[in-house]
Amino acid sequence: RRRSHPDSALPACPPGSMRISGGASGLVSGKWESNFFTPVIESVLEGNVQRVALRGEGSWRGPGRHRNDLDLKISDEVPSQLEIETGAVSLDMDLTGVPAQSLKISTGASSVRLTLGDKATSTSVLLRAGASSINIALPRTVGARLILSSGLSSKNLSDFQQVGER
């Protein structure tokens, strides 16, 4: 069984939306609609680990009507380690059915909604954000370590208990 490391790295970009969820028929599938970025996908097999990188090439064309929307599906069957780098974005991640072992998100001024499931024994989440709205939900049966580094942000971490000073 292959382990995956989908690696979604997007350059800083004008506001757009990213929807990431389980349900891919393969390792990763999806649709990216943008009128200024061209998607570039790289996939490398290293031993029993498949690394998939998704990034955009192009540049923002200044003020006007722009579209930059990504709808990405990830396998529900393969343990995943996800890394996401983006600028200002509306990020909606429903990983309820995904065995996500670790998640690293680095984003600008954004709206982040993250829902984790119980498919992995534990999930490590590292979230760095600018002025953002952050909502995180996960089942009580899952262990998670959250490390949040954010500027002026609202955080909704209901039912989380802080352990330690970090």
Side-chain angles (χ1 to χ4, degrees), residues 1-13 16-34 37-57 68-108 110-129 132-150 155-157 159-160 163 166:
R1 186 169 178 182
R2 291 184 181 164
R3 291 184 51 219
S4 71
H5 184 120
D7 200 6
S8 178
L10 304 178
C13 62
S17 68
M18 292 177 65
R19 288 169 304 284
I20 302 174
S21 62
S25 56
L27 188 59
V28 178
S29 64
K31 182 171 138 180
W32 190 349
E33 294 181 2
S34 178
F37 273 144
T38 301
V40 176
I41 302 167
E42 298 169 352
S43 180
V44 176
L45 181 60
E46 297 173 354
N48 66 346
V49 176
Q50 182 76 41
R51 297 187 187 278
V52 179
L54 172 63
R55 62 184 169 81
E57 283 189 352
N68 191 32
D69 300 313
L70 174 66
D71 188 359
L72 188 69
K73 304 266 188 233
I74 299 169
S75 173
D76 291 336
E77 303 298 320
V78 181
S80 299
Q81 298 174 7
L82 305 167
E83 295 182 22
I84 299 168
E85 297 178 21
T86 187
V89 71
S90 172
L91 177 59
D92 184 2
M93 297 183 71
D94 183 354
L95 303 179
T96 305
V98 176
Q101 296 173 328
S102 70
L103 177 61
K104 295 179 184 177
I105 301 172
S106 179
T107 186
S110 299
S111 169
V112 178
R113 190 170 72 99
L114 171 62
T115 304
L116 297 171
D118 61 0
K119 300 299 181 186
T121 305
S122 68
T123 301
S124 172
V125 177
L126 172 61
L127 176 59
R128 290 188 174 103
S132 299
S133 170
I134 301 166
N135 290 287
I136 299 175
L138 74 152
R140 292 177 185 258
T141 58
V142 171
R145 179 176 181 214
L146 300 178
I147 302 170
L148 303 175
S149 171
S150 61
K155 301 171 192 87
N156 179 359
L157 305 172
D159 293 334
F160 278 92
V163 177
R166 250 181 142 181

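Treat the numbers as computed from the prediction; the structure is a model and nothing was measured.
- Legend: salt bridge (charged side-chain N to carboxylate O under 4.0 Å, His left out) pairs involving residues 99-108, not counting sequence neighbours: none detected.
- Within the 4.5 Å cutoff, the side chain of Q81 has no heavy atoms near those of the L103 side chain.
- With sequence neighbours left out, the side chain to side chain donor-acceptor pair (under 3.5 Å) criterion links S111 to no other residue.
- With sequence neighbours left out, the side chain to side chain donor-acceptor pair (under 3.5 Å) criterion links S43 to Q50.
- Looking at heavy atoms from C-beta onward, V52 lies in side-chain contact with L27 at the 4.5 angstrom threshold.
- Residues I74 and S21 have side chains not in contact (no heavy-atom distance under 4.5 Å, counting atoms from C-beta outward).
- Residues V125 and I105 fail the side-chain proximity criterion, which asks for heavy atoms closer than 4.5 Å.
- In this structure, the side chain to side chain donor-acceptor pair (under 3.5 Å) partners of S110, at least two apart in sequence or on a different chain, are T107.
- Side-chain contact check for T115 versus L95: every heavy-atom pair is 4.5 Å or farther apart.
- The structure places CG of N68 at 6.0 Å from CZ of F37, a figure rounded to the nearest 0.5 Å.
- A pairwise comparison of heavy atoms in W32 and P39 identifies CE3-CB, 3.3 Å as the closest pair.
- Every residue was checked against the side chain to side chain donor-acceptor pair (under 3.5 Å) condition with D71, not counting sequence neighbours, and none meets it.
- Side-chain contact check for R19 and S17: at least one donor-acceptor pair (N or O, by modelled atom type) lies under 3.5 Å.
- For residues 90-102, the set of pairs meeting the salt bridge (charged side-chain N to carboxylate O under 4.0 Å, His left out) definition, not counting sequence neighbours, comprises D92-R113.
- Between the side chain of T123 and the backbone N or O of A100, at least one donor-acceptor pair lies under 3.5 Å.
- The nearest pair of heavy atoms linking S29 to S25 is OG-N, 4.5 Å.
- A 4.5 Å side-chain heavy-atom check between V98 and L116 finds every atom pair outside the cut-off.
- Annotation: side chain of V28 is in contact with side chain of L72 (closest heavy-atom distance under 4.5 Å).
- Put simply, the side chain of S80 never gets that close to the backbone of S75: no donor and acceptor are under 3.5 Å apart.
- Rounding to the nearest 0.5 angstrom, the gap separating the CG atom in L114 from the CG atom in L138 is 8.5 Å.
- The minimum heavy-atom distance linking M18 with V89 is given by the pair CG-CG2, 3.8 Å.
- Between atom CG of residue L70 and atom CG of residue L54 there is a gap of 6.0 Å, rounded to the nearest 0.5 Å.
- Within the model, atoms OG of S90 and CG of D69 stand 9.0 Å from one another, a figure rounded to the nearest 0.5 Å.
- Closest approach of K73 and G22 over heavy atoms only: CD-O, 3.4 Å.
- Applying the salt bridge (charged side-chain N to carboxylate O under 4.0 Å, His left out) rule to E42 yields the partners R55; only residues at least two apart in sequence or on another chain are considered.
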